[in-house]
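Before any comments, here is the structure.
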Amino acid sequence: MFDTLYSQIGAAISVAVVAFAFLKGDEPERVGAGAYALGLLASLLLQFDGELSGPQWGLFAIDAVMLGVYAALAWKSRRSWPVWASALQALIVMSHLLILIDLRPPLAAFYAVINLASYGILLAMAVGTFWSWRDRRAAGLE
């Protein structure tokens with residue numbers, strides 16, 4: 001996965017946002033960041049680059065579990081970022097479903113949707129962590 005500069009920059013952004021969430025975030029941000037990191041590592045293990053036309057069941061399962069985690073965070077926490085993360089993760093799961101029902105979208109469009117939605121999830125997590133950190137500093141807890 002780390003064979004191009006684009007993928008290396010994306011991995012660095014992911015690591016930076018996850019580290020920021022672990023260091024400065026509250027419990028919902030840490031749970032979301034931990035789930036994102038585990039999902040990223042699991043997808044690296046389960047993706048199969050040799051099969052470009054059919055569904056990748058392992059990645060679909062990981063993305064469905066991630067949707068469940070973000071939906072649970074949106075339901076249980078009072079933050080707004082898990083709602084955005086859930087919506088973007090639902091977009092990723094729906095992209096997998098397009099492949100599963102054999103609508104044959106262009107593969108470049110499939111990967112573009114997944115990559116852009118993943119960056120949107122990272123952005124939502126970073127903004128939510130910043131707001132949480134700012135609120136804690138304003139209350140004098142940090």
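We count residues from 1, following the sequence as given.
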Which pairs of donor and acceptor atoms, one on a side chain in residues 18-29, lie under 3.5 Å apart (sequence neighbours left out)?
from	atom 1	to	atom 2	distance (Å)
Asp26	OD1	Arg136	NH1	2.5
Asp26	OD2	Arg79	NH2	2.5
Asp26	OD2	Ser132	OG	2.7
Glu29	OE1	Asp26	N	3.0
Glu29	OE2	Arg79	NE	3.1
Glu29	OE2	Trp81	NE1	3.1

If you take all heavy atoms of Trp131 and Ser80, which pair is closest and at what distance? CZ3-OG, 3.7 Å
In Å and rounded to the nearest 0.5 Å, what is the CG to CG distance from Leu45 to Leu59? 10.5 Å
Output the distance between atom CG (Leu107) and atom CD1 (Ile99), rounded to the nearest 0.5 Å. 6.5 Å
What's the separation between atom CE in Met125 and atom CG in Leu73, rounded to the nearest 0.5 Å? 9.0 Å
I'd like to know if the side chain of Ser77 reaches the main chain of Ala74, judged simply by a donor and an acceptor atom lying under 3.5 Å from each other, with no hydrogens or angles considered. no
Within residues 58-76 or reaching into it, pairs that qualify as side-chain hydrogen bond (donor to acceptor under 3.5 Å, both in side chains) - sequence neighbours excluded: Asp63-Gln89, Asp63-His96
From CD1 (Ile62) to CD1 (Ile92), nearest 0.5 Å: 12.0 Å
Who else is in Val93's hydrophobic cluster (ILVMFWY, side-chain heavy atoms under 4.5 Å, direct or via others)? Trp57, Phe60, Leu67, Met94, Leu97, Leu100
Once side chain to side chain contact (heavy atoms under 4.5 Å, CB included) is applied, do any residues pair with Val113, and if so which ones, sequence neighbours excluded? Leu91, Ser95
Flag yes if Leu5 and Leu116 sit in one hydrophobic cluster, no otherwise; membership is Ile, Leu, Val, Met, Phe, Trp, Tyr, and two members link when side-chain heavy atoms are under 4.5 Å apart. no
Does the side chain of Asn115 reach to within under 4.5 Å of the side chain of Tyr6, using non-hydrogen atoms? yes
Quick one: CZ on Phe110 to CG on Leu98, what's the gap to the nearest 0.5 Å? 9.0 Å
Can you confirm whether more than 12 heavy atoms, excluding those of Arg137, are under 6.0 Å from its CZ atom? no
Residue set satisfying side chain to side chain donor-acceptor pair (under 3.5 Å) with Trp133, at least two apart, ordered chain then number -> Glu142
Residue pairs passing the side-chain hydrogen bond (donor to acceptor under 3.5 Å, both in side chains) test where at least one lies in residues 30-41, sequence neighbours excluded: none
Are Tyr111 and Leu122 joined in one hydrophobic group, where the rule is that I, L, V, M, F, W and Y side chains link up if heavy atoms are under 4.5 Å apart? yes
Calculate, to the nearest 0.5 Å, the distance between atoms OG and CD1 belonging to Ser14 and Ile9 respectively. 12.0 Å
Among the clusters formed by ILVMFWY side chains lying less than 4.5 Å apart, do Met66 and Val17 turn up in the same one? yes
